[in-house]
Structures are given as structure tokens and as C-alpha cells.
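Right, one structure below, let's go through it.
Hydrogens, waters and symmetry mates play no part in the numbers below; they use all other heavy atoms, side chains included. Note that this is a predicted model, so its numbers are computed, not measured. Positions are given from 1 along the sequence.
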Amino acid sequence: MFKQWQLILIGSLASIALILAACSPASDSEDSDEKTEGAAATTEVQEIKESASGSQQKETTEATAGPSSVSGIPLDPDAKYGGVLQTMTTGEGPSFSTWEEAAGVAPYAMQPLHSSLIRPQSWGSLEDYKNNAFFTFQPDLAESWSGSEDGLVWTFKLRDGLEWSDGTPITSADIKWSYDKIITGEGLTRSPRAVHFLAVDNITTPDDLTVVFNLKWPKAAILEVIGMPYHIMRPKHVYENDLEALRDKIPTVISGPFENVEWLAGEKYVYEKRPDFWDQPLPYLDGLELNIIARSSAPIALRGGRVDIAFPNGFTGGQADTLIAECEVCNVWPRVIASSQSPSLMLNHQRAPWNDPKVKEAFALAIDNQKYVTTVQNDWYFVPTGCGFYPTSEWAMPSERCAKISGYGDFQEGGSPEADKEKAKALLAEAGYGDGDLKANIYFWSVVQQDAPAVLEDLNAIGVEATAEILETARAYATWSDGNFDVGVHSFWVAGIDPDITLYEHFYTGSDRNYNRYSNPEFDAMTDKMSATVDKQTRKELAWDAMELALSEQAKIIISHSSYVPAHNKRVHGLMPTLNYLAGYGPHVRYDHTWVDDDNERVLK
């Protein structure tokens, strides 16, 4: 549904500032600490340096010492069986296919029903969380894997005796069929992650329990690509001749810890434990409920005990401030910069005048990043100091290099937003546009609609007559995918912090997630070379070269990076938070090792 906003900007930012100021962050007083376990740690920002590919996890991790599930998940000696976990999401649609969607209900509704080939770790202590254990890949349907010395062959061994819920054996044919669909997109409406598999030559199945990915060239991020949270495995014999069922039917032939027993559209999904789940003795829970609740009501639902977990990734801004200060039933984990949820301005590179180099650069120069972070986001967001890469990671572009890219120097030392705006006006004049001549109706994804006043004010300041139109999630993604827009503001979602993931998914020619249709053969060649490079320092330099080119041509105009504090009800045990793309899309929302105890509140340690 569209909502048309004709926004009056005089005083708008001041109004937002006053509203947000009313939700100022909790102080570091002892009083605050008593409100919720772990709240004192929320003032620190978790440093994240590298991802799974960065650590070159070529082989299966060592088995856990002590009792564990079939897959190796350590069993908590204090865990209690039983209980129903209450969770939530904010709406339905666009479909149930995690292979085709980039947002919506699919991961939340489908993950409890399914398994993957491998999975990122979703269990651990506060120390594990601080040490980024969530980047470690663990066995799932595959019991082991190994990469060849030259990086061209990756072999996965499946567990013997696995079955789908209808009794059909799970074999390598199911794995190959699933990945072949993701890679080719054949029969799918779209395949947003297909571009990441360009290095894959073919997938072979020497026997029923062996899957081999054969690569054309070494790809440092291949494990991160194979283990992306969207890649749940589906039964070939069910969907081979009925791909439409991926999208519109809740599956009954499954491999996950729960089965769906009720779906009230627009209200809730109800799941019950599968006693014959292969990863025994899990799950701990008797069931879970996924409730449909408005985004604005999430903090109230968590504080009031209606849900145990609201947003799996956590809260930001005023909602986070309120929970830290007032939620007595919450455990609040240390704050983390999001790997995604990075608002960005997109100009359609296939439409004039938005593909005019002078117009594009003027738009980049118009954005006052620091003012946006402070005024709109109450300093919960961060300016894009990594220039498109995760700010604290080893891949972040050096600040002195980033500052030289037009539109990314105003928040660096010596930068001037005012000077940038004057330069932007001059560029528009050179392009033939006087004050008010250029009109832009900007589509904002509803999740980032609070950004509209600040963005419009910046564009109006350089003489662009800008208005905003708000698109709900299903319509927004359809619009971006179809390229049916001039200018848009979307969240720069990245399913990983490795440069391979970022560059291919959002900037590479033909990528389904390259919504603004940027295309440059030189950039593509740089990215291919970076992806095939094994030496880390050389990869960094190549990644920076490629990103500098893309941002210099306004392939995206990145405004900021968000941050979150994960918050769960204290009765929730066994679940370690993670970065938002893993928390919201992966097996973190499978809840197979999560347990609840009303008599034993969790203390973070």
C-alpha cells in the first residue's frame, strides 16, 4: 500500500529531535544496571573484525567436549524441556520462499521447519558473543566438510540415516537440487543470491551422502556463500514439479525441529515439537508461536511479556533507550553495529536524468550524514566510515581514502557539509537545473520512513523539489526488483561482512539486488579478480579499488549504519544473539536449542 506524503520541512528536523530527546539513553548509574542484566554493557559497541571467510574455515570445527546433540550442539545441563516460546514478526508476505525473498515473513515462518547444509553458530555465552562466535560455521545436515588445497573443490559429507518427515531419505540429490535452483534461478521468480555462485562450475554427487562443489577459481568467501542463512534445504521429490508450492504453501514435508499446526493469516503461526527430529535430543521446547505484531508495538509486547523475543536482532533508537531504562523482564546484550540496515539513496542508473553524472554526484554531496545520525537516529547510527564496508572490520576502507570520494568527506576530519552543498548546487547548474527545476518523487521503504524529512531537507537545500512516497515491504521490494522507480531510499542489506558478499550482491551487473541497475564492466572485472584472490591484504586493496569506483559513480549513496542491542525475556535460555542478517534470516530463528524457564531467570555471563 502506498501512502503519499507531501512533507512540510520547516521545523521538521527540530520536531524529530525533540521527540527523540525525550527517549534519551540510560545513564551508566547503578540504578540503570539494576533494571536489566547486562544493560551496563550497552554503552560499549561490539567490535567485529572478520567473518567466517576471513578465518578460512576450511574444515569442520572440532567436536564439542561433553554431551551434545547429534549435530554437535552442546547440551545445557540446566536445560528444561517443555514450554512454548512466544516470538513475533511484523507482517505477512511476500512469499514463503527464502530462496527468492530478501525480506518478509519467509525466514521466520520457514526456519523452524527446515535444516541447512551447514549453519552459523547460534548458541554460546556472553564471552562467545563478544568473540564473534556467530561467524563460526557448524555442521547441520552435513556432518563434515573440507576444502582442497587449491580451494577449487569443497566436499560435504551428509549424515547417514536422515529422513524427511514423510520417511523419504535425505540424500545428496536434495542438496544438489536445492543449490542448483538457487544458482540458476530456473523456475524461480528471482534468485537474489545467485550472483554469489559465479565461481561454481558445477555440483556433483559421487554417492547419496557426498556433495561436491567444483569451482572455476578459488573463492575465499565460498563457505560464507554456501552457508548463507537463506539457504534452507528443500525436498526434491516434493517441489521438483511444483515450485509454486515454495511460495504459497506451508510445507508438510520437512526436516526441522517443529511442524506447523496452525496458521491464522495476519495473526499468528503455531508450531509444535517434532518428536522424531533428527538432531536428538533437541528441541527443548514443546512449541513456539510466531505472532504478527506491529513494529511500533514490539517494545510493549516484550516489556509486557506477550512475547519472549520481539526482534531477533534487537532494538535501536528510542525503542532501545526505553527498553534499557524500563524493561525489568529483559536481558539486554552489548550493542552491535548492524551488518545491514544501512539506509542508502538509490538513483536509477537506467533513467534520465538520474544517470547524469553531475546529478548523481550532487545528490551524494547533498546528504549531511552526521546531521542525520544525530538528529534522526539520536546517535544510535554511525556514519559510513568504512565507505560501504562494515565500519569496524578489517575490510573497512581507510578513512583518508574514503574521505576523497565525493559525498564521503563531510563527516571526516576537515569536512564541510555546507561546502558540499554549494558544490552540489554548482553541479546541478552545470547539468542545466536551476533552483526548483529538478523534481524528485522519492520512494521510501516503510521501515526507513522516519528518514524522509532529513533526506528531503538536504535535497531541498540544493534546489531539488523533493517529495516522499512510502512503500510497504511487499510493494517496496517489487518496485526495487522491477526497477520501476527514479529515486529510492532503502536499507543497504548485506548478508555478510566479507567484501565478496557486499560487492557482488549490490553492485555487480545483473545482480537481482543491484536495484538501481548500476553497471560497469571495469567494476565487474575488479570484483571478479578480488573474489579469486586468496592473499588477504591483496584482496583488501582490490576490494577498496572496486568500492571506490562504485561509490564514485554513485552506485549507492550510503547514509549510515545502524546499531542494535539484542533484548530477550530473562526466561529465554540457550540462544546467543548475532548480527542482524543472521538473527533475522538464519537458524537463530529455528530455536532448536532454545529453552525457557519461568523460575530461573537468565544471568548474562
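Between Ile232 and Gln111 the shortest side-chain heavy-atom distance falls below 4.5 Å. With a 4.5 Å cut-off on side-chain heavy atoms, Pro391 and Ile337 count as touching.
Applying the ring-ring contact (aromatic ring centres under 6.0 Å, His included) rule to Phe389 yields no partners; only residues at least two apart in sequence or on another chain are considered. Residues satisfying the salt bridge (Lys or Arg N to Asp or Glu O under 4.0 Å) test with Asp410, not counting sequence neighbours, are none. In this view, Asp128 and Ser125 satisfy the side chain to side chain donor-acceptor pair (under 3.5 Å) rule, not counting sequence neighbours. Considering only residues two or more places apart in sequence or on other chains, Asp308 meets the side chain to side chain donor-acceptor pair (under 3.5 Å) condition with Arg571. Glu541 pairs by the salt bridge (Lys or Arg N to Asp or Glu O under 4.0 Å) definition with Arg401, not counting sequence neighbours. Residues satisfying the side chain to side chain donor-acceptor pair (under 3.5 Å) criterion with His561, sequence neighbours excluded, are Ser342. Residues that satisfy the salt bridge (Lys or Arg N to Asp or Glu O under 4.0 Å) test with Lys404, not counting sequence neighbours, are absent from this structure. Under the ring-ring contact (aromatic ring centres under 6.0 Å, His included) criterion, His593 pairs with Trp123, sequence neighbours left out. The side chain to side chain donor-acceptor pair (under 3.5 Å) test applied to His588 returns no partner, not counting sequence neighbours. Taking the ring-ring contact (aromatic ring centres under 6.0 Å, His included) definition, one finds that Phe96 meets it with Trp263, sequence neighbours left out.
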Practice task
Could you check Phe137 against Trp145 for ring-ring contact (aromatic ring centres under 6.0 Å, His included), going step by step and ending with a plain yes or no?
Solution key: CA-CA 11 Å; Phe137 281 104; Trp145 68 85; 7.3 Å; no
For residues 279-287, tabulate all N or O donor-acceptor pairs below 3.5 Å that involve a side-chain atom, not counting sequence neighbours.
{"residue": "Asp279", "atom": "OD1", "partner": "Ser69", "partner atom": "OG", "Å": "2.9"}
{"residue": "Asp279", "atom": "OD1", "partner": "Val70", "partner atom": "N", "Å": "3.0"}
{"residue": "Asp279", "atom": "OD1", "partner": "Ser71", "partner atom": "N", "Å": "2.7"}
{"residue": "Asp279", "atom": "OD1", "partner": "Ser71", "partner atom": "OG", "Å": "3.3"}
{"residue": "Asp279", "atom": "OD2", "partner": "Ser69", "partner atom": "OG", "Å": "3.4"}
{"residue": "Asp279", "atom": "OD2", "partner": "Ser71", "partner atom": "OG", "Å": "2.7"}
{"residue": "Gln280", "atom": "NE2", "partner": "Pro275", "partner atom": "O", "Å": "3.2"}
{"residue": "Gln280", "atom": "NE2", "partner": "Phe277", "partner atom": "O", "Å": "2.7"}
{"residue": "Tyr284", "atom": "OH", "partner": "Asp76", "partner atom": "N", "Å": "3.2"}

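From Glu92, atom CD reaches atom OH of Tyr108 across 13.5 Å, with rounding to the nearest 0.5 Å.
For residues 305-326, the set of pairs meeting the ring pair (Phe, Tyr, Trp, His ring centres under 6.0 Å) definition, not counting sequence neighbours, comprises Phe311-Phe315.
Remark: the Ser563 side chain and the Arg335 side chain contain an N/O donor-acceptor pair separated by less than 3.5 Å.
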